[in-house]
Amino acid sequence: AQSVTQPDIHITVSEGASLELRCNYSYGATPYLFWYVQSPGQGLQLLLKYFSGDTLVQGIKGFEAEFKRSQSSFNLRKPSVHWSDAAEYFCAVDRNQAGTALIFGKGTTLSVSS
Amino acid sequence: KAGVTQTPRYLIKTRGQQVTLSCSPISGHRSVSWYQQTPGQGLQFLFEYFSETQRNKGNFPGRFSGRQFSNSRSEMNVSTLELGDSALYLCASRSSGQVTGELFFGEGSRLTVL
């Protein structure tokens, strides 16, 4: 069965420092992968997605993610974190390859210190 | 363009009651999905509707049901509420015809069961 693991429950990063959030997935075929962000009291916003092709994908707000098939990973990165990036981040894999039935990881809460 | 609208935003029910939540997708979007978000289980897929037909379903008991109307608006219903049904219920819509399209989420309906 498909699953998504986000090993880090909570991460604190200093403002201006780089960020990497880890995501590992379990899926038999080529996965469709997503990163979403959720601010308190808000719904989820798509940061970026990977379906095929270039393994380094660019998203909104300066985020990028790299798909590594050999490691079953899809880690999210940002070179310089801003205080407004504090939120909860979710990695997801598409259950039916139509982008509608997503299996989410448990999320990583990002805190940004000044 | 208005986003995904969910009503009510907050509600409190007691065990044994039933509840109906409403979701209005982005104009032109014909696919509506529902997710349950809890601290313990995270985000879990409930079901997806497209053109008034349920085409995907998650692993939830029959107490959870939904429907979609001809204008693409969707409702979900939970009968015989249990304490464990307390959660944030998120609705997401996607435009039809896109296999790899983005899911747009509403801000959710927060249900508390006492």
Side-chain angles (χ1 to χ4, degrees), chain A residues 1-10 23 25 27 29-54 57-61 63 65 67 87-109, chain B residues 2-7 9-10 21 23-26 29-51 53-60 68 74 87-110:
Chain A
Q2 303 96 319
S3 66
V4 177
T5 302
Q6 293 180 248
D8 304 306
I9 296 174
H10 189 195
C23 172
Y25 65 90
Y27 192 74
T30 301
Y32 288 6
L33 295 160
F34 306 80
W35 274 100
Y36 281 84
V37 61
Q38 184 179 34
S39 297
Q42 303 292 313
L44 278 74
Q45 181 182 23
L46 180 69
L47 286 174
L48 46 78
K49 61 191 177 190
Y50 171 79
F51 295 135
S52 64
D54 194 349
V57 293
Q58 302 296 320
I60 62 171
K61 304 184 180 186
F63 286 93
F67 169 63
E88 191 160 18
Y89 291 80
F90 294 93
C91 181
V93 64
D94 177 15
R95 195 182 85 161
N96 62 3
Q97 294 206 323
T100 54
L102 298 180
I103 298 173
F104 286 88
K106 292 295 180 74
T108 297
T109 300
Chain B
V4 177
T5 304
Q6 293 189 244
T7 57
R9 290 291 312 279
Y10 303 91
L21 308 177
C23 172
S24 294
I26 292 172
H29 286 195
R30 292 166 59 192
S31 166
V32 174
S33 302
W34 289 90
Y35 289 81
Q36 182 197 64
Q37 185 176 23
T38 60
Q41 299 298 316
L43 282 151
Q44 294 183 284
F45 171 71
L46 280 157
F47 29 65
E48 183 218 352
Y49 287 87
F50 180 80
S51 293
T53 301
Q54 186 183 91
R55 67 176 182 181
N56 270 307
K57 190 176 187 305
N59 295 324
F60 278 81
Q68 187 180 33
S74 177
L88 180 67
Y89 290 88
L90 292 165
C91 169
S93 74
R94 183 175 69 90
S95 61
S96 61
Q98 288 184 340
V99 177
T100 58
E102 173 182 353
L103 278 180
F104 293 87
F105 282 84
E107 294 184 328
S109 293
R110 184 166 295 281

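Throughout, a chain's letter reflects where its sequence line sits, starting with A, and its residues are numbered from 1.
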Quick one: what part of B:L90 sits under 4.5 Å from any heavy atom of chain A, side chain, backbone, both or neither? side chain

Please classify the contact between B:L46 and chain A as side chain, backbone, both or neither, with a heavy-atom cut-off of under 4.5 Å. neither

Shortest non-hydrogen contact from A:L102 toward B:Y35: N-OH, 2.9 Å

Which heavy atom of B:E107 sits nearest a heavy atom of A:Q42, and at what distance? OE2-OE1, 3.0 Å

Counterpart residues, side-chain contact (heavy atoms from CB on, under 4.5 Å), relative to A:I9 (two or more places apart): none

Please determine, among B:R110, B:Q37, B:Q44, the option with the most heavy-atom pairs under 4.5 Å with chain A. B:Q37

Compare all side-chain heavy atoms of B:L103 with those of A:Y36 and state whether any distance is below 4.5 angstrom. yes

Interchain contact, A:Q38 with chain B, by part (heavy-atom threshold 4.5 Å): side chain

Under the rule for side-chain hydrogen bond (donor to acceptor under 3.5 Å, both in side chains), what residues qualify as partners of A:Q58, not counting sequence neighbours? A:E64

